[in-house]
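Input: a single structure, listed below in structure tokens.
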There are 2 protein chains.
Amino acid sequence: MTATDRPFGLNNLAYQILGVVTRLPRSGYDIVKQLEHFRPAKTSQVYPTLSKLESAGLVSAEDVEQLGRPNKKVYSATEAGRQALIDWIGTEPEAPYSRDDFLTMIYSGWLASPDEVRVLVDGKIVRLDRQIAQMQSDIARLVALHPQEMHDPGHWRFYRNSLLNRRLMVAQAERVWCLSLLYQLSGATDD
Amino acid sequence: MTATDRPFGLNNLAYQILGVVTRLPRSGYDIVKQLEHFRPAKTSQVYPTLSKLESAGLVSAEDVEQLGRPNKKVYSATEAGRQALIDWIGTEPEAPYSRDDFLTMIYSGWLASPDEVRVLVDGKIVRLDRQIAQMQSDIARLVALHPQEMHDPGHWRFYRNSLLNRRLMVAQAERVWCLSLLYQLSGATDD
DNA sequence: GAATCCATGTAATTGGTTACATGATTCA
DNA sequence: TGAATCATGTAACCAATTACATGGATTC
């Protein structure tokens, strides 16, 4: 399925933004911050996408005047927007795309010394540990504040929790792999 | 670090291609096939990138005439190309980028019925199982054919094996998560 | 006084996909 | 006879990043 085959020609980012404003109404600025950890996008991509969604009638904007801060537009999903999301969920997801410098570096790790690769992997473990700690505290906070919603698949927090757990599990698996690589590298000395 | 900060202005794809032809000399067509499972790219992106690498002196091309097939250009890394890769491995990798329709759909799964989400997750498990079986057979073949290279961090097959194992571990973790989500969903009936 | 937060956007460039163009050989 | 494999490229378009532009309020 190509972008132009999809209803309204929406891409992954558009559906992600639509999903965000269906959970809770938000400004463009808030959407960018919300996306940061899960599916990062810059303002230069988010604002035009919001305009597109609005002219397609999938979101509606309300002007909110503020004191001491710039005014903002708060976007929420329309009924048509909700329905477009539900319809999309019923279609085949495209193959995921990813680009990872760390893995591309590992790919050619045999050219460098084991010590250089160790440094690279150590750095990765540090970043993974930070992410793991963050996700664990996010999960703890979520289940403490909204315990009953964690069991209700009709509530968005059920899926927020589920996706946080998924990222945590994947990060932990990546961490185990890093350690196993360091172990295999430990047999080799650097001269 | 932006693309223009990097030496020669190479991006992730350029370094990946450089890594491929440093392992073994290959044609553009072969490179595309080689990349398929690990870091997919189309011919329309690979051929121009090869030209760029060649004019930067990081790869060299040899014309090979063939009988019964179109002639081809076989690319290999130059010494400068090897060194550019090693230098890059010593720099900080940029944050990985990824885009995943399946996860974006799950994000808004609360809007759909539990049954619709089940179908989505079932499909994901099928795809994961196929990938897991493929990786397991790739790994088995690799260790059977080149057992001694599996322990040598100075050989590229050591890292091929390591990266295959990583993908396998991550896919298995994803699979476990899928099953746990199906289990949590099984409490909910569809009306 | 400098940095960060809030807030919305546009312009230029790079990265990636789809579609087009060509043509022989092999396999079902 | 039709599809797949081998083989190299270009043109048009869509997706994403970087840089630019503005400006008040708060925090260090």
Side-chain angles (χ1 to χ4, degrees), chain A residues 1-6 8-17 25-36 39-55 59 61-75 94-101 104, chain B residues 1-6 8-17 25-36 39-55 59 61-75 94-101 104:
Chain A
M1 165 139 65
T2 64
T4 40
D5 293 335
R6 285 188 291 253
F8 310 100
L10 303 186
N11 58 18
N12 177 279
L13 178 63
Y15 283 113
Q16 183 61 56
I17 290 173
R26 286 180 196 276
S27 66
Y29 183 85
D30 281 342
I31 292 167
V32 171
K33 282 183 61 190
Q34 195 63 24
L35 259 39
E36 221 149 70
R39 205 279 190 207
K42 316 285 174 181
T43 59
S44 50
Q45 222 185 342
V46 170
Y47 286 113
T49 302
L50 279 167
S51 304
K52 215 172 72 175
L53 286 169
E54 195 183 6
S55 49
V59 303
E62 192 199 355
D63 286 301
V64 176
E65 297 190 22
Q66 299 188 116
L67 303 162
R69 309 196 160 14
N71 297 339
K72 59 181 174 182
K73 288 191 214 167
V74 174
Y75 292 90
E94 278 177 50
Y97 171 83
S98 96
R99 186 177 63 208
D100 191 327
D101 277 0
T104 301
Chain B
M1 167 141 64
T2 64
T4 40
D5 294 333
R6 285 188 291 251
F8 309 102
L10 303 186
N11 58 16
N12 177 280
L13 179 62
Y15 283 113
Q16 183 61 56
I17 291 173
R26 287 183 196 274
S27 66
Y29 183 84
D30 282 342
I31 292 167
V32 171
K33 283 184 60 191
Q34 196 63 24
L35 259 39
E36 222 149 71
R39 204 284 190 206
K42 315 286 175 181
T43 60
S44 51
Q45 220 185 344
V46 170
Y47 285 112
T49 303
L50 279 167
S51 304
K52 214 172 74 173
L53 286 169
E54 196 183 5
S55 49
V59 302
E62 191 199 358
D63 286 301
V64 175
E65 298 192 21
Q66 298 188 118
L67 303 162
R69 303 196 165 3
N71 296 341
K72 59 181 173 182
K73 289 192 214 167
V74 174
Y75 291 90
E94 277 176 51
Y97 169 83
S98 95
R99 184 177 64 210
D100 191 327
D101 278 358
T104 302

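Note that the coordinates shown come from a computational prediction; the quantities given were computed from them, not determined experimentally. In what follows, chains carry the letters A, B, and so on, assigned in the order in which the sequence lines appear, proteins first and then strands, with residues in each chain numbered from 1.
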Taking dA7(C), dG16(C), dT17(C) as options, the one with an atom nearest any side-chain atom of K72(A) is dA7(C)
To the nearest angstrom, the NZ-P distance between K42(B) and dT8(D) comes to 18 Å
When rounded to whole Å, the OH to C1' distance for the pair Y97(B) and dA15(D) reads 7 Å
Heavy-atom nearest pair, V59(B) first then L50(B), reads CG2-O, 4.1 Å
* Asked: Does the dT8(D) base have a donor-acceptor partner in the side chain of S27(B) within less than 3.5 Å?
  -> no
From CD of E62(B) across to P of dA7(D) the rounded distance in Å is 14 Å
Per nearest nucleotide of DNA chain D, the residue lying toward the 5' end, P48(B) or D30(B), is D30(B)
Checklist entry - Looking across every strand, which nucleic acid part, if any, lies under 4.0 Å from N12(A) by heavy atom: base, sugar-phosphate, or nothing? => result nothing
With sequence neighbours left out, the residues meeting ring-ring contact (aromatic ring centres under 6.0 Å, His included) with Y15(B) are W88(B)
The nucleotide from dT17(D), dT8(C), dT17(C) with an atom nearest the side chain of K73(A) is dT8(C)
Side-chain atoms of T43(A) come closest, of dT17(D), dT8(C), dA15(D), to dT8(C)
Measuring to OP1 and OP2 of dG15(C), would you say a side-chain N or O of R39(B) lies under 4.0 angstrom away? no
Query raised in the report: Do we see a donor-acceptor contact under 3.5 Å between the side chains of R39(A) and N12(A)?
Result: yes
Between CD of Q16(A) and P of dA15(D) the distance, given in whole Å, is 15 Å
Atom CG of N11(B) and atom C1' of dT17(D) are separated, to the nearest Å, by 13 Å
Looking only at dT17(C), dA16(D), dT8(C), the nucleotide nearest the Y47(A) side chain is dT8(C)
Residues G28(A) and V46(A): closest non-hydrogen pair is O-CG1, 4.2 Å
Interatomic distance, CG@L53(B) vs CG@L10(B), rounded to 0.5 Å, equals 6.0 Å
Quick one: which protein N/O atoms are closer than 3.5 Å to N/O atoms of nucleotides 23-28 of chain D? Pair and distance per line, please.
residue : atom : partner : partner atom : Å
dA25(D) : O4'  : G68(A)  : O            : 3.3

Check every strand shown and say whether R26(A) touches a base, only sugar-phosphate, or nothing at a heavy-atom separation below 4.0 Å.
nothing
Per-helix bend value, the helix from dG1(C)-dC28(D) to dA28(C)-dT1(D), C1' rotation axes over five pairs per end, 10° rounding, shows 50°
Of dA16(D), dG9(C), dT18(C), the nucleotide closest to the side chain of Q45(A) is dA16(D)
L50(B) atom CG is separated from dT10(D) atom C1', nearest whole Å, by 15 Å
Within 6.0 angstrom of Q66(A) CD, more than 12 heavy atoms from elsewhere: yes
Regarding the side chain of Q66(A), the nearest nucleotide among dA7(C), dA16(D), dG16(C) is dA7(C)
Looking only at heavy atoms, the pair that brings V32(B) and A41(B) closest together is CG1-O, 3.7 Å
Quick check on dT8(C): is either OP1 or OP2 less than 4.0 Å from any side-chain nitrogen or oxygen of Y29(A)? no
E94(A) CD to dT18(C) C1', in whole Å, measures 12 Å
note: Q34(A), atom CD; dC6(C), atom C1'; distance rounded to Å ~ 16 Å
For Y75(B) and A61(B), the nearest pair of non-hydrogen atoms, with its separation, is CE2-CB, 3.6 Å
Shortest non-hydrogen pair, E94(A) vs D101(B), comes out as N-OD2, 3.2 Å
d(L35(A) CG, I17(A) CD1) to nearest 0.5 Å is 6.0 Å
